[in-house]
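Just so you know, ligand 1 is whichever comes first in the structure, and atom 1 is the first atom listed for that ligand.
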Amino acid sequence: MSKEPIRVAVTGAAGNIGYALLFRIASGAMFGPDQPVALNLIEIPPALDALKGVCMELDDCAFPLLKDVVATTDLDEGFKDVNWALLVGSVPRKDGMERADLLGINGKVFTGQGKAIAANAASDVRVLVVGNPCNTNCLIAMNNAEGVPNDRFFAMTMLDENRAKTQLAQKAGVDVTEVTNMTIWGNHSATQYPDFYSAQIGGKSAADVIGDESWLKETFIPTVQKRGAAIIKARGASSAASAANGIVDSVRRLTTPTPAGDTFSMCLCSDGSYDTPEGLIISFPCRSNGSEIEIVQDVELNDFSREKFDASVKELAEERDAVKDLI
Ligand SMILES: NC(=O)C1=CN([C@@H]2O[C@H](COP(=O)(O)OP(=O)(O)OC[C@H]3O[C@@H](n4cnc5c(N)ncnc54)[C@H](O)[C@@H]3O)[C@@H](O)[C@H]2O)C=CC1
Ligand SMILES: O=C([O-])CC(=O)C(=O)O
């Protein structure tokens with residue numbers, strides 16, 4: 001018997017990330033080669049013509065797994081019966097801005113989307129927020145989605161994790177697959193802490209394998225923290241293909257069992273783990289059993305790591321205070 005399609009909403013579907021993402025979902029990269037999918041593409045009215053063009057291109061791929069495409073500017077129609085909501089649509093930052101500078105422009109988008117998800121989505125809906133600042137936009141969506149459990153909401157630090165893995169692999173001269181347990185702690189912002197002490201290369205601490213703490217502290221950390229800004233400077237536009245890849249990886253990591261001994265980075269609603277304030281959307285080391293996600297509890301934070309993580313969590317608390325009228 002053929003499987004029911006997984007229905008996936010993508011907001012900002014005609015944007016740069018959308019254009020790099022939809023074809024990978026439809027090809028089976030997100031849910032596997034045997035899983036049919038349906039796409040609900042959500043845009044704002046000025047982008048509707050561009051969205052029609054994207055739909056024509058999806059048709060022109062004749063993807064065997066793609067069973068239905070809905071293109072709409074209506075949130076109720078867009079989130080109807082969706083199993084996944086990938087909230088990408090929002091304004092990207094420009095050169096010289098921090099992601100939190102977007103809160104005033106983007107934050108309010110996520111109140112209406114949270115409400116529409118609660119009113120229309122399938123009972124098993126899961127939400128991944130990508131539009132920046134993604135942690136606090138996720139907090140807004142979660143707090144407006146009455147009746148949807150908090151543990152269904154995620155924001156993305158997978159792109160940061162992938163960036164960090166490659167930096168460590170290149171420095172150590174090993175294949176990127178050798179790097180595991182690469183935790184990004186905190187906020188998807190310039191305060192995030194890519195933890196090279198608990199990351200492993202070939203099963204050993206990355207800090208020991210690389211053996212150059214000043215490079216790790218003074219080059220590696222800022223390179224990962226400021227990679228988004230470096231891409232904007234180089235490309236004149238923010239990361240899009242690598243962000244779309246991060247979305248595919250995030251959903252795969254959430255929906256497939258995590259290999260023994262490994263962890264992945266995901267921003268989710270804090271339950272107070274690692275002495276953080278409950279209710280903030282914080283990036284932690286996580287594991288999945290294919291359906292449920294747990295925050296891994298026994299990762300050691302030394303004084304340096306603790307200080308970095310605390311600074312990022314403090315920033316998240318400040319972002320929350322700045323949007324208190326929306327949550
Ligand atoms: N969390 C992460 O790791 C990353 C996050 N981002 C963020 O993703 C967002 C999207 O980036 P791009 O696709 O490059 O931007 P883009 O400007 O190319 O596309 C955004 C699309 O969203 C649409 N949009 C705007 N408001 C909307 C709304 N209320 N409802 C539905 N659609 C709406 C626009 O019409 C546009 O088509 C930005 O906020 C960017 O900063 C980008 C890279 C990585
Ligand atoms: O830096 C930006 O504004 C886009 C983004 O989130 C990233 O590339 O990590």
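Atom 32 (N) of ligand 1 has as its closest protein heavy atom G12 N, 3.3 Å. For atom 29 (N) of ligand 1, the closest non-hydrogen atom on the protein side is V109 CG1, 3.4 Å. The shortest contact between atom 41 (O) of ligand 1 and any protein heavy atom is with N132 ND2, 2.8 Å. Atom 3 (O) of ligand 2 has R93 NE, 2.5 Å as its closest protein atom, hydrogens excluded (heavy atom only). Scanning the protein for heavy atoms near atom 5 (C) of ligand 1, the closest one is V130 O, 3.0 Å. Of the protein's non-hydrogen atoms, N16 CB, 3.7 Å is the one closest to atom 14 (O) of ligand 1. Of the protein's non-hydrogen atoms, the one nearest atom 38 (C) of ligand 1 is P92 CA, 3.6 Å. When only non-hydrogen protein atoms are considered, atom 42 (C) of ligand 1 lies nearest to I17 CD1, 3.4 Å. Residue, atom and distance of the protein heavy atom nearest to atom 34 (C) of ligand 1 are E43 OE1, 3.5 Å.
If you number the atoms of ligand 1 from 1 as listed, the ones under 4.0 Å from a heavy atom of C134 come out as 1 (N). Listed by atom number, the atoms of ligand 2 under 4.0 Å from G228 heavy atoms are 1 (O), 7 (C), 8 (O). Those atoms of ligand 2 with a heavy atom of S239 less than 4.0 angstrom away are 7 (C), 8 (O). Interface atoms of ligand 1 facing L159, defined by a heavy-atom separation under 4.0 Å, are 3 (O), 44 (C). Listed by atom number, the atoms of ligand 1 under 4.0 Å from V88 heavy atoms are 8 (O), 9 (C), 10 (C). Within ligand 1, the atoms closer than 4.0 Å to a non-hydrogen atom of Q113 are 30 (N), numbered from 1 in the order shown. Each of the following atoms of ligand 2 lies closer than 4.0 Å to a heavy atom of H188: 5 (C), 6 (O), 7 (C), 9 (O). Within ligand 1, the atoms closer than 4.0 Å to a non-hydrogen atom of A243 are 43 (C), 44 (C), numbered from 1 in the order shown. Those atoms of ligand 1 that come under 4.0 Å of a heavy atom in A47, given as number and element, are 35 (O).
With contacts defined as side-chain heavy-atom distances shorter than 4.5 Å, the pair K108/V323 does not qualify. Taking 4.5 Å as the limit, every side-chain heavy atom of K67 sits out of range of all side-chain heavy atoms of I6. The closest side-chain heavy-atom distance from R306 to D310 is below 4.5 Å. Between T136 and R320, the closest side-chain pair of non-hydrogen atoms is not below 4.5 Å.
Taking 4.0 Å as the cut-off, G246 does not count as a neighbour of ligand 1 on heavy-atom distance. Within the structure, ligand 1 has S239 among the residues with a heavy atom less than 4.0 angstrom away. Residue contacts with ligand 1 leave out M158, since none of its heavy atoms falls under 4.0 Å from the ligand. In this structure, R163 counts as a contact residue of ligand 2, since one of its heavy atoms falls inside 4.0 Å of the ligand.
Residue-level proximity to ligand 2 for R227 is absent, since no heavy atom of it falls below 4.0 angstrom. Residue contacts with ligand 1 for R99 are absent, since no atom lies close enough (heavy atoms, distance under 4.0 Å). Using a 4.0 Å cut-off between heavy atoms, D160 makes no contact with ligand 1 at all.
The closest side-chain donor-acceptor pair between S205 and Q200, if any, does not fall under 3.5 angstrom. Looking only at atom types and distance, the side chain of S189 has a donor-acceptor partner in the side chain of E315 under 3.5 Å away. Side-chain atoms of R24 and N245 include a donor-acceptor pair closer than 3.5 Å. Judged by distance alone, the side chains of N302 and S305 do bring a donor and an acceptor atom under 3.5 Å apart. When only modelled atom types and interatomic distance are considered, E278 and S270 share no side-chain donor-acceptor pair under 3.5 Å. Side-chain polar atoms of D249 and N162 form a donor-acceptor pair below 3.5 angstrom. A donor atom on one side chain and an acceptor atom on the other are found under 3.5 Å apart for S214 and D212.
Because its NZ or CZ atom is both nearer than 6.0 Å to the ring centre of F304 and within 45° of the ring axis, K217 counts as a cation-pi partner of that residue. For K171 and W215, the positive end sits near the middle of the six-membered ring, less than 6.0 Å away and at most 45° from its axis.
In terms of polar-atom proximity, defined here as any N/O pair under 3.5 Å, S90 does make such a contact with ligand 1. Of the N or O atoms in N132, one or more lie within a sub-3.5 Å distance of an N or O in ligand 2. Note: no N/O pair closer than 3.5 Å links A14 and ligand 1 by distance alone. Among the atoms of H188, some N or O lies under 3.5 angstrom from an N or O of ligand 1.
Relative ring orientation between W185 and F309 is described as tilted, the plane-to-plane angle lying within the 30° to 60° band.
In the hydrophobic clustering of this structure, V109 groups with V82; members are Ile, Leu, Val, Met, Phe, Trp, Tyr whose side-chain heavy atoms approach within less than 4.5 Å, directly or through other members.
Between the side chain of R126 and the backbone N or O of V251 there is no donor-acceptor pair closer than 3.5 Å.
Remark: Y197 OH is packed, more than 12 non-hydrogen atoms of other residues, nucleotides or ligands lying under 6.0 Å away.
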